[in-house]
Amino acid sequence: MPAEASSSRPVSPPLTERQEARRRRILQASAQLAGRGGFDAVQMREVAESSQVALGTLYRYFPSKVHLLVATMQDQLEHLHGTLRKKPPAGDTAAERVAETLMRAFRALQREPHLAEAMVRALTFADRSVSPEVDQVSRQTTAIILDATGLEHPTPEQLAAVRVIEHTWHSALITWLSGRASIAQVRIDIETACRLIDLPDREGGR
């Protein structure tokens, strides 16, 4: 495998339509292989064969399996975000809407536990060289949460709460995947964290 990439990789130019289509095939192949057998089932040579690209080309797009699977997670979250936008969450408060959204996201991942395990495992293994891909996952998760709040101008306290909620959601995924938390416990943890969204308003009214 290629040597570990630098933590400060140069910004790549925008992909052409053909390159984007190739990247899409790679991500689809990654998701399919992970869905069948989890992290260990994603082998770069098999991904290259399934997506009909040369192995060297695959490594130019994604320097390692961890890069690939973290990018796959961002792609899955982006798709999920589009689905959630078509059917916005119900709830009288921002906390209720965010909790419903994250539980819907959790259930979507729950339907494909091998894929979820592979993506979360890659996110856990990611080092500095994967920072750009990890940042994209974080930005996508933040966007999903902010959309769910329905707040046009969130306060700094609410933005801080969003970060805590994001950390809680990722942690809940890890504990569930490792068998250390039930779905019921995951819901309790997420709902508890989501209440932080409403706290600044109540505090400000004192």
Distance, nearest 0.5 Å, that separates [atom1] of [X] from [atom2] of [Y]:
| X | Y | atom1 | atom2 | value |
| --- | --- | --- | --- | --- |
| R36 | L33 | CZ | CG | 5.0 Å |
| L80 | M73 | CG | CE | 10.0 Å |
| I165 | T192 | CD1 | OG1 | 11.0 Å |
| R22 | E17 | CZ | CD | 12.5 Å |
| Q158 | L196 | CD | CG | 11.0 Å |
| S50 | Q43 | OG | CD | 11.5 Å |

Answer yes or no: is there a donor N or O on one side and an acceptor on the other, between the side chain of [X] and the main chain of [Y], under 3.5 Å?
| X | Y | answer |
| --- | --- | --- |
| E96 | D92 | yes |
| E49 | E46 | no |
| T101 | R97 | yes |

Would you say the side chain of [Y] lies within less than 4.5 Å of the side chain of [X], judging by non-hydrogen atoms?
| X | Y | answer |
| --- | --- | --- |
| F62 | L27 | yes |
| P132 | H67 | no |
| Q19 | Y61 | yes |
| V120 | H170 | no |
| D127 | V130 | yes |
| L69 | E133 | no |
| R60 | T57 | yes |
| V53 | R25 | yes |

query = Should I188 and I197 be counted in the same cluster of Ile, Leu, Val, Met, Phe, Trp and Tyr side chains packed under 4.5 Å apart?
reply =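 The answer is no; the residues belong to distinct hydrophobic clusters.
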query = Does NZ or CZ of K65 come closer than 6.0 Å to the centre of the six-membered ring of F39, within 45° of the ring's axis?
reply =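 Pair K65/F39 counts as cation-pi.
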Distance-minimising heavy-atom pair for [X] and [Y]:
| X | Y | answer |
| --- | --- | --- |
| V66 | A126 | CG1-CA, 3.9 Å |
| A172 | T175 | O-OG1, 3.0 Å |
| H114 | G35 | CB-O, 3.4 Å |
| A34 | A118 | CB-CB, 3.7 Å |
| A193 | T168 | CB-OG1, 3.7 Å |
| I190 | A99 | CG2-CA, 4.2 Å |

task = Please test R195 against T93 for side-chain contact (heavy atoms from CB on, under 4.5 Å), starting from the C-alpha separation and ending with a verdict.
result = CA-CA 9 Å; R195 293 191 193 109; T93 67; over 6 Å; no
task = Please identify each residue that fulfils side chain to side chain donor-acceptor pair (under 3.5 Å) with R121, with sequence neighbours left out.
result = E117
Salt-bridge criterion met for D75 and R24 (N-O under 4.0 Å) =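 Salt bridge present between D75 and R24.
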Side-chain donor-acceptor contacts of residues 134-146 below 3.5 Å, not counting sequence neighbours, with atom names and distances?
| from | atom 1 | to | atom 2 | distance (Å) |
| --- | --- | --- | --- | --- |
| S138 | OG | E166 | OE2 | 2.8 |
| Q140 | OE1 | Q74 | NE2 | 3.2 |
| Q140 | NE2 | H81 | ND1 | 3.0 |
| T141 | OG1 | V137 | O | 2.8 |
| T142 | OG1 | S138 | O | 2.9 |
| T142 | OG1 | E166 | OE1 | 2.9 |

query = With no hydrogens and no angle check, do the side chains of R180 and S178 hold a donor and an acceptor under 3.5 Å apart?
reply = yes
query = Given L84 and D147, is the side-chain contact (heavy atoms from CB on, under 4.5 Å) satisfied, shown in steps?
reply = CA-CA 9 Å; L84 291 167; D147 265 12; over 6 Å; no
Show me the side-chain donor-acceptor pairs of residues 102-113 shorter than 3.5 Å, one per line, residues at least two apart or across chains.
| from | atom 1 | to | atom 2 | distance (Å) |
| --- | --- | --- | --- | --- |
| R104 | NH1 | K87 | O | 2.9 |
| R104 | NH2 | K87 | O | 2.9 |

